[in-house]
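Inspection log for the structure reproduced underneath, given as structure tokens.
Remember, it's 1-based here, ligands and their atoms both numbered in the order they're listed. Position 1 is the first residue of the sequence; numbering continues from there. The analysis underlying the following values was restricted to heavy atoms, covering all of them including side chains, and did not include hydrogens, waters or symmetry mates.
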Amino acid sequence: METKDDVRGGTEATELGISTRHTEPSDDMTPFEAATFFFHRSADRLELRDEMREVLASTYRELAVQVPVRMDDGRVVVFRGYRIQHNGARGPYKGGIRYHESADLDEVRALAALMTWKNAVIDVPFGGAKGGVQCEPALLSSAELERLTRRFTGMIAYIIGVNRDIPAPDMGTNAQVMAWMMDAYGHRAGHTPGIVTGKPVELGGSPGREEATGRGVVICGREAAKRMDMTWSDCSIAIQGFGNVGYWTAALAAEQGAKVVAVSDVAGGTYNKDGLDLEALSRHQKQSLSVSEFDGGDKVSNEELLELECDILIPAAIHGVIHCKNAGRIKAKLVVEAANGPTTPAADEILNDNGVTVLPDILANAGGVTVSYFEWVQNIQQFRWEADQVNFELKKKMSKATNQVFSRAEQGGLTLRDAAFDIAVQRVAHAAEVRGYI
Ligand code: NAD
């Protein structure tokens, strides 16, 4: 086993998906170290056996591939792609595919681990996985994206499968990318709609999947607000990110009466203390313009957005945006983590010390995988549910999980993140135990 000294108080690290264990939270942790930090704290509280801790702290299988793609101008560019399966004790591996310049091995490992805990806390019968291709999708033509997707699918095809590992959209991917993946996989295996979720409805996608993550964020956020004696219709909300999750969170939060005062994309944000006109903003965005150029609000940077005067802050873009340097300046009473890993472990402590309630990612953004589960079930049964049924079942699952996390936190005097991790780790450890993994 290859080991290295760690100057920040950890013990040892290997090269294959076993993270350095940190005893003190810090902003310097890699995404996988940060995700594993919360796991280890939970393992300590639950007094997990060492063997079990070792199994759950590491990834099960990691596939790294080169993805050569013929560009429109005739050049061939070689991208790096990954599919990482973290733990499959509770069912087939499940998790999205990210196309983003930061999607490297460590980031994909972190996202795969978070999927294990998310699927357990929301109680869908899946293990955790994630995939990624390190690229800038905005710089690729549609034809280049299609070629990249088909090539990548071919390369990971032998470790995915309807009962083995089921990809879905994440940052930089969407229903169209899932349609290409399904088609590419079908060339080998025959028509297999259940191989991916988040597909277009015409190809067996579920009604309600596109907005499911945002809908789940709002269900969970409203439940937390109620428990904090905040009236939803009096709440002002700032959202970082205006992609799939950010847009639907904003639209549904506003439809249910809250005031969305700020949103942003990678180029910056827009702020209007009286509430943004989201329909006009969406029309503006459809012209391929950044929301920061919207004339119905004042320009703010992504950093400024996080520190705005508001009741609820919803990071819905990338990881690590709330860190030691800005956590103390956050004015929201409630942070709902729609993105994966938006708060560093060190910032998490500062928010807790300052009395800011944090709804953790593994609970708050679990609506997407929940409806992915419904989509997978519909594909297997070859039976289509109505949107009302999907939304009803989503609400039931999100509310139940949210209540369980709040109860556990109250009983154990824990933060919501620690409570969610304890529930998840206990469920996964139990499944691994009864299967006879170790
Ligand atoms: P998306 O690609 O549709 O949108 C991402 C948004 O973030 C865009 O507005 C983009 O401009 C912005 N962004 C990108 N880089 C940024 C940066 N450096 N600073 C600020 N903004 C930046 O992605 P999405 O599907 O909405 O996913 C957003 C987050 O939600 C990710 O963390 C993802 O892992 C998480 N998530 C997504 C789903 C899902 O169903 N799509 C489910 C669970 C969690």
Check: C220 main-chain N/O paired with E223 side-chain donor or acceptor under 3.5 Å: no

Sort and list the pairs that fulfil side-chain hydrogen bond (donor to acceptor under 3.5 Å, both in side chains) and have at least one residue in residues 194-207, not counting sequence neighbours. K94-T197, T197-S372, K199-E375, K199-N379, S206-Q378

Quick one: does F294's side chain get under 4.5 Å of L281's, heavy atoms only? yes

Check the angle between the aromatic planes of Y93 and Y60 and answer parallel, tilted or perpendicular using the 30° and 60° thresholds. parallel

For residues L145 and W180, determine if any side-chain heavy atom of one lies less than 4.5 Å from a side-chain heavy atom of the other. yes

Note every protein N or O atom lying under 3.5 Å from an N or O atom of ligand 1, pairing the names and giving the distance.
unit_1	atom_1	unit_2	atom_2	d
ligand 1	2 (O)	G172	N	3.0
ligand 1	3 (O)	N244	N	2.9
ligand 1	9 (O)	F242	N	3.0
ligand 1	9 (O)	G243	N	3.2
ligand 1	11 (O)	V266	N	2.9
ligand 1	26 (O)	N244	N	3.2
ligand 1	26 (O)	V245	N	2.8
ligand 1	32 (O)	R98	NH2	3.4
ligand 1	32 (O)	A317	O	2.7
ligand 1	32 (O)	N340	N	3.2
ligand 1	34 (O)	R98	NH2	2.8
ligand 1	34 (O)	D170	OD1	2.7
ligand 1	34 (O)	D170	OD2	3.3
ligand 1	34 (O)	N340	ND2	2.8
ligand 1	40 (O)	R209	NH1	3.4
ligand 1	40 (O)	R209	NH2	3.3
ligand 1	40 (O)	T213	OG1	2.8

Check D183 with R150, please: is the shortest side-chain N to carboxylate O separation under 4.0 Å? yes

